[in-house]
Enquirer: 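Sharing a structure, written as structure tokens. Questions coming.
FYI, side chains are in, hydrogens and waters are out, and symmetry mates aren't considered; it's all heavy atoms of this structure. Throughout, a chain's letter reflects where its sequence line sits, starting with A, and its residues are numbered from 1.
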There are 2 protein chains.
Amino acid sequence: MASRAKATIFDIAREAGVSKSTVSLVLQGSGLIRPETAVKVRKAIEDVGYVYNRGAANLRKAHSNVIGMVINDLTNPFFAELAVGMERVFQSAGIVPFIANTAENPVRQEEVLKSLMEQGVAGLIVSPARGTTPGAFRRLETAGVPVVFAMRRLPESRIPVIAPDNHRGAFLATAHLIGKGHRRLVFFGGTSDLVVYQERLGGFREACETLGIAARDTLVVQGETSRRGGIACLETALAMAEPPTAALCFNDAVAFGVMLALRKRGLEPGTDFAVVGFDDVVEAEHYMPALTSVSVDTAGLGERAAHVMLKMIQSRTTRAEDHIGAVNLVVRESCGPNRSAELGLGDAA
Amino acid sequence: MASRAKATIFDIAREAGVSKSTVSLVLQGSGLIRPETAVKVRKAIEDVGYVYNRGAANLRKAHSNVIGMVINDLTNPFFAELAVGMERVFQSAGIVPFIANTAENPVRQEEVLKSLMEQGVAGLIVSPARGTTPGAFRRLETAGVPVVFAMRRLPESRIPVIAPDNHRGAFLATAHLIGKGHRRLVFFGGTSDLVVYQERLGGFREACETLGIAARDTLVVQGETSRRGGIACLETALAMAEPPTAALCFNDAVAFGVMLALRKRGLEPGTDFAVVGFDDVVEAEHYMPALTSVSVDTAGLGERAAHVMLKMIQSRTTRAEDHIGAVNLVVRESCGPNRSAELGLGDAA
DNA sequence: TTGATTTATTGGAACGTTCCATTTATAGGC
DNA sequence: GCCTATAAATGGAACGTTCCAATAAATCAA
């Protein structure tokens, strides 16, 4: 049952009556080997129950074929989608990416990065944890390991970023709400330590300004980027003197929370209060009411990130261009019909 | 920018004016080293930007400290919860588990397992993909790598299993439905190639039999274990001559799909048709109506699996006891009020 | 047949660690 | 001051691969 000492290429060599070098060549699929010999060797490999020791190999080879994916919150389905997109690409390149979760914890992230480096990864795709310090990736950089950021970025860093056009997405969504006739708007969820937050809030603000919403009619309520955070945000907003009538949410999770809280208060999302989400996760379509959301093509961005990574590894560089993915607003039911009539205004969108 | 040749313990040794062996000892936190020397070495490590080469180390050490988690569907939030539970345990043991996704594809799973083995994992926690062949884990076994199955099992295999009590969970849920006064029941979703399916369906059947539901009043509709599968199942069931009034769903995803489909037909889940889910994912609580579901303490099972794994590694065995986790029914709103009155029956639950 | 060329195979050194057996330094006992 | 015991540091071999240079075998041109 429990095997004796692990088999090595020497064992195979003996079994097949060749030298260790020949075995090595076969293992690497070299064309220099006579087909019959290769067959013989492969049979020995099978018989002996040999398992290749990549660690030993990497001692000589410059490149390992391990790529790590460091994700800040695995329980968010959004990131699972991202991971799936990447895997599609890596699979066809014959690479098995290893995923590690940092649970939004910079200390854990440090450990994870260290461990991955020690493992000798060829490259890393990272969605950095909130509160990541600027120096967290310096070790990677000095070690010359290619890194790309996906979805999130760090305030100042030369590491290439693959992310959606957050500003434009927020702008589109906000314009949609204004077009529907809303005049008192709120931005729900997220905290200012995330660059993404700045970008989305920026899009929101620009839309309000250019489309003639006074600053005093726009509200910002920070909060957790989760369902729970959304619930809390709505409570806060409705407690105001002149509560808003429409919300752009930092992400879909927040939007779900907001809709939930509306229902609990006897308000109907869509008709009584308009809500737009961000990310367009699969659930958005299936919610009641279906959530209008900014679609960012998560899986597509994942694929993109994987491609960039592959190219970086191949060309032995640690630099690459940023890639800002197109976004578009998917209009469903959570913003209800136009309010124009009610307010005596034309359709402004 | 791009660093020159990677630093090794020799470089540190030179820098710190000691021997490579001393550096190695410091790296391993040996108490044999004079504290001042250790400090000196650690400083050199920092200065040089050294990164430990675990591959090289594993060449000599018997044990790597890598543990792999092989998961069949990362996009199912259920598995993300499982992963999170495991990580809690591994983190406190100073281990970074690597997660790999098989996307429910046995071929991909084969690749993933191979890659993990080549990496020299110390152990593997696996939720096997549907359609896994019996031989898929033989290599692992002959290599003496500890493996535990989490949540799912293979028909015949000596590998220890950590899973919830599916039979009992299904029994409880079904009894609940019957207690509510339902007499025509259906089991929705899943396919018979999964052992879990057999177990859950078994509990459903036993409850029906012992609580006096005739076999001709129970229906089974197989289907995908996803929202989409749930939608399809409901369509099928409602097209029958005498449609059921209550469903036990293979998992929560199916249940969500069923509720969605009900709404689309103008039926209200809970009052017009009762539905129970399985797994009790976090969304269950937040759904409209909130989903009654069998809670399996996913994260707890993850922790358990991790502990078992740790113990197996420590005691160098590939055997361990199965662990069947307790379940309990979380009653929410998706089964509505009792039907007893309507049917002239007492409360049987 | 001989030498040159091509095709297949091979031995040895190297990769960066750990671990064991030694050596060297320090302290203690008398 | 000498011997012994303990503490601290060290050199060398080993781990399982890859790669290079070298060899051996087969083919070819003359």
Enquirer: Touch check for A:Y52, heavy atoms < 4.0 angstrom, all strands: base, sugar-phosphate only, or nothing?
Expert: sugar-phosphate
Enquirer: May I have the distance from A:Q28 (atom CD) to C:dT9 (atom P), rounded to whole angstrom?
Expert: 15 Å
Enquirer: Within the 3.5 Å criterion, strictly below it, is a donor on B:S21 or B:S24 matched to an acceptor on the partner's side chain?
Expert: no
Enquirer: What is the nucleic acid contact for A:L27, judged by heavy atoms within less than 4.0 Å: base, sugar-phosphate only, or nothing?
Expert: nothing
Enquirer: Take the protein atom CD1 of A:I9 and the nucleotide atom P of C:dT10, then report the distance between them rounded to whole Å.
Expert: 12 Å
Enquirer: Map B:L59 and B:T37 onto DNA chain D by nearest heavy atom, then report which one ends up closer to the 5' terminus.
Expert: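 Looking at the nearest nucleotide for each, B:T37 comes out on the 5' side.
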Enquirer: Checking A:N72 against A:S127: is there a side-chain donor and acceptor pair closer than 3.5 Å?
Expert: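 Indeed, the side chains of A:S127 and A:N72 share at least one donor-acceptor pair under 3.5 Å.
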Enquirer: Is there a donor N/O on one and an acceptor N/O on the other, under 3.5 Å, for the side chain of B:R60 and the base of D:dA14?
Expert: yes
Enquirer: How close or far is atom P of D:dT10 from atom CZ of B:R14, stated in whole angstroms?
Expert: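 So the CZ-P distance, B:R14 to D:dT10, works out to 14 Å.
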Enquirer: Consider only side-chain N and O atoms of A:E141 and A:T318, and report whether a donor and an acceptor are under 3.5 Å apart.
Expert: no
Enquirer: Have a look at B:E303 and tell me which of B:R88, B:M86, B:E87 forms a side chain to side chain contact (heavy atoms under 4.5 Å, CB included) with it.
Expert: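 The passing option is B:R88.
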Enquirer: Do the ring planes of A:F98 and B:F98 sit parallel (below 30°), tilted (30 to 60°) or perpendicular (above 60°)?
Expert: parallel
Enquirer: Quickly work out the B:E118 CD to D:dT18 C1' distance and round it to whole Å.
Expert: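 Rounding to the nearest Å, CD of B:E118 and C1' of D:dT18 are 15 Å apart.
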Enquirer: Between A:V18 and B:N53, just flag the one whose closest nucleotide in DNA chain C comes earlier from the 5' side.
Expert: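 In this pair, the answer is A:V18.
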Enquirer: Send over the distance from B:I33 CD1 to C:dT24 P, rounded to a whole Å.
Expert: 17 Å
Enquirer: Using whole Å, what does the distance between atom P of nucleotide D:dT17 and atom CG of A:N65 come to?
Expert: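 A:N65 atom CG is separated from D:dT17 atom P by 15 Å.
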Enquirer: At less than 4.0 Å, is any side-chain N or O atom of B:R34 found next to OP1 or OP2 of D:dA7? Yes or no.
Expert: no
Enquirer: Rounded to whole angstrom units, what separation is found between the CG atom of A:L32 and the P atom of D:dT18?
Expert: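 One finds 14 Å between P of D:dT18 and CG of A:L32, rounded.
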Enquirer: Which part of the nucleic acid, if any, lies within contact of A:S21, taking any heavy atom under 4.0 Å across all strands shown: a base, the sugar-phosphate backbone alone, or nothing?
Expert: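 Base: the residue A:S21, judged by heavy atoms under 4.0 Å, touches a nucleobase.
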Enquirer: What is the distance from NZ of B:K20 to C1' of D:dG12, rounded to the nearest Å?
Expert: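 Value for this atom pair: 7 Å.
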Enquirer: Where the side chain of B:T22 is defined as all heavy atoms beyond and including C-beta, which of D:dA9, C:dG16, D:dT18 is the nearest nucleotide?
Expert: D:dA9
Enquirer: Within less than 4.0 Å of OP1 or OP2 of C:dT18, is there a side-chain N or O belonging to B:S24?
Expert: yes
Enquirer: Using only side-chain N and O atoms of A:S19, determine if any of them is under 4.0 Å from OP1 or OP2 of C:dT10.
Expert: yes
